[in-house]
Amino acid sequence: MQGLADFLKGIGAARFGAMIAVTAALVGFFAFVIMRVTTPQMTTLFTDLSVEDSSGIIKDLERQGIQFELRNEGTIIMVPKDKVTRLRMKLAEGGLPKGGGVGYEVFDKSDALGTTSFVQNINHLRALEGELARTIRAIDRIQAARVHLVLPERPLFSREAPEPSASIVVRVRGALEAQQIRAIRHLVASAVNGLKPQRVSIVDETGQLLADGAQTDPEQAMGDERRTAFEKRMRKQVEDIVSSVVGTGRARVQLSADFDFNKITQTSDKYDPEGRVLRSTQTREEQSMTADNNGQVTVNNELPGNQQNGGVAAKDQSKKSEETNNYEISRTTKTEVTEAGRVNRISVAVLVDGIYSKNDKGDLAYQDRTKEQLDRIATLVRSAIGFDQKRGDQVEVVNLRFADAPSTTPIAEPSGLLGMLQFTKDDVMYFVELGVMMLLGLVVLFLVIRPLVKRILASDEVAAAISGVLTGPASDEAAPASQPLLPSGAASAIDVATVQGQVHAQSVHRVGELAERNPNETVAIIRQWLTEPTK
C-alpha cells in the first residue's frame, strides 16, 4: 500500500485526473459499442395501430418479456427481427390487433340474463359496424375505416318499412378507383339485410364525397366505369408499344373512346322458297247433267212424270275436279340483342420526343424524327387499338421537343456482393452503422487517447531528466573531496570527471528540448517540486 501511495503521489494530481478521465471515456465508449452491437436488429411488428390495439399489444409483449420500441406516437411497434413472425402468429391467436373497433367479440363476455333487448340491439349494431370496418380495411389503399349504419324499425300499423342506409368514412393512401368504390358499396349492402348499394355514402378523410348515396341509375355508373377501364387499358397498350421505340418517358398518349350504351333487340324472319315440304293433299271432284227445255219453265215440265215422258231432249253435262296441296315453307327466325357499350369511335393523340445525341463538345443535341418513323409509329398505334376507318377512328402522331431533356445518368442496379447476397435495406443500414461506430472508435483512439498517453509519458521523461540534472552536480562536488583520499589514479579520476561533465551537458540539453516541447508539463513539475517539503 505504501508503494502504491508513493506511486500515486509521484504521478501527480493532474496526470492522475487525466488518466481517470481517459479510462472512464474508454470504458463508456466501448460499453456503448458493445451494447449497440449486441442489441438485436429491430423491425416493424404492426403499423397504423389504434390506441386500444397498441396498449393491448404492449401489455402482451411486457408479459412475455420481449424487448420493443414505440415510434410515431405509438402507432408503430418495433420488435427483434428474429421474433417478428412468431409474435404475429401469437398475437393473432389472441385476437390482436382488433382493428380499433368492436366486433362480434362484444358478445363473448356479456351477461345474457341481465341484459335488456335494447342493449342487445345496440351491441349487435356496434358489432356489425366494427366487422364491416375491419373488412373494408382489408382492401388495398385503405388505412382506416369507420362505418355508421341506420337500421330503422318498422312502425306499427305501417304498410311500408323504411329503407336502411349506411355512411362510411375512409382514410386512403392515394386515391380510390371507381371500381373499388363500387365494390365497397356492394360489400356493405350485401352484409346488411334490406340495404341497397344506392343507399351507401362514402367520404374520404379530406371530406371529398366519393359516393353520394343517391345514385338511381346503376347502369350509367357501370357504363362510365366500363368506358374508363377501356380507355385506360388501350392507353397503356399504346404507351407500352410506343415507349419501346422512342424510350421510356419519351411519349405521351391520350385516348378517347365514344361508347354507345343503347341496348338494341332486333328480330328477323327469313323464308326459303326452295326448302318446301308437302304437308297435306285434298282432292275434290264434282259432276252434273242438265236437260234443255228451251228455256221454258212450266208446271207440267216440273212434274216428275212429265220429265220422264217428255221424249228425248238435249242435255248439258259438266265435270269439275279440284285438288289442294298444302306445303310447309322453311323459315328462319333470328333475334339479335346488341348489349350496351359498343365502341362508336376511338381517337388517339400520340406525342413523341425527338432524338438526342452528343455533339463534338459532348452536349446533347436535339434532332426531329423523320416522317417515315412517325408513319411507322402511327401504323403500330392503329394495330394496337384495332383501327376501323368505317366507324371514323382517328390517330394522330406528332413529334415535338419535350421541355425536359432525358437524363443521361444510368439507374444504378444492385451488383457485386450486394446483388449476390441480396441484402435488404435494413441489413445495409445495420452494416453502415457498424462501420461508422468502428471508424469513430479509431478516431477516438488515435486523436484522443494516443495524444493523452504521449503527454503522460513525456511528463515522466521530463521529470526524470530534470531530477538527473539536479542530482548530478552533487555527486560531482563530492568527487573532488574524495580525490585526495585516493592513493593513486588521479589522472583516471580527471578523465571520469570529464566524461560525467559531457553526460550532464547532454542531459541538460535534452531537458531543454523537452521543456520547449512540453511547457505545461514542465511548469507543473516545477510547481510540484516547490510545494514538496524538504527533508
Side-chain angles (χ1 to χ4, degrees), residues 140-141 172-180 206 208 223-260 341-425 427-429 432:
D140 190 19
R141 296 185 183 179
V172 298
R173 294 186 298 268
L176 292 178
E177 298 180 357
Q179 184 177 2
Q180 292 176 319
T206 61
Q208 182 180 1
D224 295 339
E225 180 181 343
R226 182 177 178 181
R227 181 183 59 194
T228 303
F230 176 81
E231 292 178 350
K232 183 178 180 180
R233 178 173 57 85
M234 298 299 294
R235 187 184 301 111
K236 186 178 183 303
Q237 292 180 358
V238 174
E239 285 181 354
D240 291 343
I241 194 171
V242 176
S243 298
S244 62
V245 177
V246 301
T248 304
R250 313 313 303 169
R252 302 291 184 270
V253 178
Q254 292 295 332
L255 187 142
S256 176
D258 182 16
F259 271 69
D260 184 6
R342 299 184 306 277
V343 179
N344 290 337
R345 185 169 177 264
I346 299 178
S347 300
V348 184
V350 181
L351 177 63
V352 296
D353 199 2
I355 302 174
Y356 292 87
S357 60
K358 291 186 178 181
N359 53 17
D360 298 338
K361 298 181 180 180
D363 300 332
L364 290 178
Y366 175 79
Q367 181 181 0
D368 292 333
R369 297 186 181 273
T370 61
K371 186 176 183 303
E372 183 180 358
Q373 292 179 345
L374 296 179
D375 293 340
R376 291 181 178 179
I377 294 175
T379 303
L380 292 176
V381 174
R382 293 189 184 95
S383 300
I385 65 173
F387 182 82
D388 188 0
Q389 188 175 3
K390 294 182 179 179
R391 67 184 181 187
D393 293 350
Q394 185 177 2
V395 175
E396 292 290 339
V397 179
V398 180
N399 176 213
L400 292 176
R401 183 174 182 177
F402 285 9
D404 52 340
S407 177
T408 58
T409 303
I411 300 176
E413 297 182 356
S415 59
L417 183 61
L418 184 62
M420 290 187 296
L421 300 180
Q422 295 182 354
F423 289 133
T424 61
K425 183 179 179 181
D427 296 334
V428 174
M429 294 302 298
V432 169

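Heavy atoms only: backbone and side chains are in, while hydrogens, waters and symmetry mates are out. Residue numbers count from 1 along this sequence.
The minimum heavy-atom distance linking Val242 with Ala251 is given by the pair CG1-CB, 3.6 Å.
Taking OG of Ser256 as the reference point, atom CZ of Arg227 lies at 8.0 Å (rounded to 0.5 Å). Distance check: Gln367 CD to Ile355 CD1 gives 5.5 Å after rounding to the nearest 0.5 Å. Of the inter-residue distances, the one linking Ile241 atom CD1 with Leu380 atom CG reads 4.5 Å to the nearest 0.5 angstrom. Here the straight-line distance linking atom CD of Gln254 with atom CZ of Arg252 works out to 10.0 Å at 0.5 Å rounding. Considering NZ of Lys232 and CG of Leu255, their distance stands at 14.0 Å, rounded to 0.5 Å. With rounding to the nearest 0.5 angstrom, the CG atom of Leu351 is 12.0 Å from the CD atom of Glu396.
Put simply, the side chain of Phe259 reaches to within 4.5 Å of the side chain of Val343, judged on heavy atoms. The side-chain heavy atoms of Val348 and Gln394, taken from C-beta on, include no pair separated by under 4.5 Å. Side-chain contact check for Ile346 versus Asp258: every heavy-atom pair is 4.5 Å or farther apart. Counting only heavy atoms from C-beta outward, the side chains of Glu372 and Asp375 never approach each other to under 4.5 Å.
No donor-acceptor pair closer than 3.5 Å links the side chain of Arg141 to the backbone N or O of Val172.
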(request) Take Arg235 and Glu239, measure what salt bridge (Lys or Arg N to Asp or Glu O under 4.0 Å) needs, and give me the verdict at the end. (result) CA-CA 6 Å; Arg235 187 184 301 111; Glu239 285 181 354; 5.3 Å; no
(request) Mind running side chain to side chain contact (heavy atoms under 4.5 Å, CB included) on Asp368 and Leu400 for me, showing each step along the way? (result) CA-CA 8 Å; Asp368 292 333; Leu400 292 176; over 6 Å; no
(request) Carefully, step by step, assess Val352 and Val398 under the rule side chain to side chain contact (heavy atoms under 4.5 Å, CB included). (result) CA-CA 6 Å; Val352 296; Val398 180; over 6 Å; no
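The side chain to side chain contact (heavy atoms under 4.5 Å, CB included) test with Ile377 is passed by exactly one of Asn399, Val246, Val238: Val246.
Under a 4.0 Å N-O distance rule, the pair Asp353/Arg250 qualifies as a salt bridge.
Remark: the Arg226 side chain and the Thr228 side chain contain no N/O donor-acceptor pair separated by less than 3.5 Å.
Among residue pairs with one or both ends in residues 378-391, those qualifying as side chain to side chain donor-acceptor pair (under 3.5 Å) are Arg391-Asp393; sequence neighbours excluded.
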